[in-house]
Amino acid sequence: MANSKHSVIAFLVPIPSILFYLSFLKNQSHQTSSTGSLSPLWAWCYHHPLLLANALFFLNVNVLFWVISQILSNHWMISLYWTVIPVMLVHYYKAHPLAEYNWWRSIIAILMTWVWSLRIVHNYFRRENWQWSAREDWRFTKMTSQYGKHWWWASFFAIYLSQQVFLIGLCLPMYVIHSVNVPLNIWDIVAIMVSVSGVAIAYFADTQLYKFTSKNNKLKELGEPVVLILDKGLWRYSRHPNYFGEQLWWWGLALFAWNLGHGWTSVGAFLNTVCLAHVTKLVEQRMLKQDYRAEAYRQYQKTTSVWIPWFKSSPIEGKYKKP
């Protein structure tokens with residue numbers, strides 16, 4: 001019952017922004033063709049596409065998602081919509097009346113964004129056993145205990161407002177792609193290769209991690225020793241290949257914008273890299289707090305690259321089995 005309720009909430013929650021934007025597009029077209037001018041509200045929406053995107057994000061995601069999280073006592077929805085909002089934004093920028101773009105570059109960006117999104121949505125539900133709101137991000141749970149009784153209001157800034165900075169920033173290249181109309185060139189090909197490589201690496205890394213976790217869960221059920229460290233496949237050459245792939249995706253997108261003369265939009269990818277560096281530190285601290293695998297993970301740290309896949313500095317001895 002709860003699963004069905006949360007799925008309905010997830011599908012309904014973006015409707016206010018979608019209806020408002022569709023209303024803007026309809027009224028902008030009608031008023032321009034009939035009177036040649038726009039009402040103040042629609043004129044503002046017409047002349048400020050980036051500000052409008054931020055306004056819709058603030059009201060529909062920051063405020064509405066935050067209110068819902070207070071009612072449900074769970075912040076699960078923002079994790080799911082992290083994968084959906086970029087798709088909505090790329091279509092938003094393409095549909096805006098001021099949009100000007102190369103058709104092929106636009107189609108490529110949209111298709112790649114859909115593939116990226118579907119990959120993460122699939123990984124999200126696979127990890128959560130195909131349940132809606134099975135759990136919230138462990139980092140949010142940790143912050144709940146850190147902030148205590150102040151978490152109800154601090155969560156608005158720590159989770160939702162911060163997500164606006166990251167997602168709007170990361171998706172700035174999508175705005176540039178739909179603001180500049182020049183033919184494709186060799187740098188677009190490079191950007192495509194970097195982006196697609198990132199999605200592929202992240203997919204295989206997350207799949208290998210999922211199989212590793214599933215295998216250990218079965219071993220626990222059977223009362224058998226678990227495998228302490230995942231050092232097979234991509235994880236043999238990088239401690240966090242999924243993070244590396246995710247960064248490649250966003251930096252590849254930033255490369256599109258750089259090629260179009262707007263390298264400043266790479267600020268989103270840069271902030272994401274800084275954030276992932278911090279997340280990497282938190283994840284590894286969490287691993288080292290697990291006594292039964294701490295020593296094995298320290299050895300893994302000494303021999304394996306953090307992000308960029310590379311050959312091990314020295315062979316790992318043993319199979320890392322729990323005694």
Side-chain angles (χ1 to χ4, degrees), residues 82-83 112 115-116 119-120 122-124 126-127 138-139 166 170 173 186-216 226-259 263 266-322:
W82 172 271
T83 71
M112 289 197 310
V115 171
W116 168 85
R119 182 205 75 78
I120 299 190
H122 171 261
N123 185 63
Y124 172 86
R126 178 176 61 178
R127 187 187 67 216
W138 64 270
R139 291 164 293 187
F166 278 106
L170 282 168
I186 188 64
W187 285 108
D188 288 295
I189 305 302
V190 174
I192 293 170
M193 293 175 63
V194 172
S195 299
V196 172
S197 296
V199 173
I201 289 172
Y203 169 76
F204 286 112
D206 279 335
T207 298
Q208 290 164 3
L209 178 61
Y210 173 75
K211 290 180 178 179
F212 170 79
T213 304
S214 298
K215 179 181 178 180
N216 270 349
V226 299
V227 181
L228 299 184
I229 300 297
L230 172 57
D231 65 339
K232 305 294 184 182
L234 292 171
W235 298 81
R236 178 173 178 78
Y237 305 99
S238 169
R239 302 204 300 270
H240 303 277
N242 49 348
Y243 292 169
F244 174 69
E246 184 69 3
Q247 289 182 80
L248 276 185
W249 156 252
W250 291 115
W251 280 106
L253 208 59
L255 189 55
F256 278 104
W258 172 82
N259 180 42
S266 62
V267 63
F270 174 76
L271 288 175
N272 186 57
T273 298
V274 173
C275 179
L276 279 179
H278 178 63
V279 171
T280 297
K281 181 180 178 181
L282 293 178
V283 170
E284 300 212 335
Q285 287 176 346
R286 194 183 188 200
M287 293 291 288
L288 293 172
K289 287 180 179 178
Q290 300 173 4
D291 293 336
Y292 70 94
R293 66 162 46 139
E295 185 56 37
Y297 198 79
R298 288 191 188 96
Q299 180 68 13
Y300 183 56
Q301 286 178 310
K302 293 177 182 178
T303 60
T304 311
S305 170
V306 180
W307 281 342
I308 302 175
W310 193 247
F311 299 103
K312 289 187 177 295
S313 58
S314 62
I316 297 180
E317 299 179 358
K319 295 184 179 180
Y320 294 141
K321 295 286 187 177
K322 183 178 178 181

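Below, each value reflects all heavy atoms present in this structure, side chains not excepted, and no hydrogens, waters or symmetry copies. What you are looking at is a predicted structure, and each value in this text was computed from that prediction instead of being measured.
The side-chain hydrogen bond (donor to acceptor under 3.5 Å, both in side chains) test applied to Asp188 returns Arg105, Asn259, not counting sequence neighbours. Among residues two or more places apart in sequence or in another chain, the ring-ring contact (aromatic ring centres under 6.0 Å, His included) test is passed with Phe212 by none. Every side-chain contact (heavy atoms from CB on, under 4.5 Å) that Ser214 has, sequence neighbours left out, goes to Tyr210. Residues satisfying the ring-ring contact (aromatic ring centres under 6.0 Å, His included) test with Trp258, not counting sequence neighbours, are Trp187. For Arg286, the side-chain contact (heavy atoms from CB on, under 4.5 Å) partners two or more places apart in sequence, or in a different chain, are Trp138. In this structure, Trp82 has no side-chain hydrogen bond (donor to acceptor under 3.5 Å, both in side chains) partners at least two apart in sequence or on a different chain. Applying the side-chain contact (heavy atoms from CB on, under 4.5 Å) test to Ala191 and every residue at least two apart in sequence or in another chain returns Leu255, Phe256. For the salt bridge (Lys or Arg N to Asp or Glu O under 4.0 Å) test, no residue two or more places apart in sequence or in another chain qualifies with Arg293. With sequence neighbours left out, Val267 forms a side-chain contact (heavy atoms from CB on, under 4.5 Å) with Leu172, Leu271. With sequence neighbours excluded, the residues forming a ring-ring contact (aromatic ring centres under 6.0 Å, His included) with Trp249 are Trp116, listed by chain and number.
For residues 267-281, no residue pair satisfies the salt bridge (Lys or Arg N to Asp or Glu O under 4.0 Å) rule, not counting sequence neighbours. Contacts classified as salt bridge (Lys or Arg N to Asp or Glu O under 4.0 Å) and involving residues 197-210 (residues at least two apart or in different chains) are given here: Arg119-Asp206.
Closest heavy-atom contact between Leu230 and Tyr300: O-OH, 3.3 Å. Considering all non-hydrogen atoms of both residues, Leu248 and Val194 come closest at O-CG1, 3.3 Å.
The backbone N or O of Trp235 lies less than 3.5 Å from no partner atom in the side chain of Thr304, so there is not a single donor-acceptor pair. A donor-acceptor contact shorter than 3.5 Å is absent between the side chain of Trp307 and the backbone of Ser238.
Open room surrounds CD1 on Ile308; 12 or fewer heavy atoms of other groups in view lie less than 6.0 Å from it.
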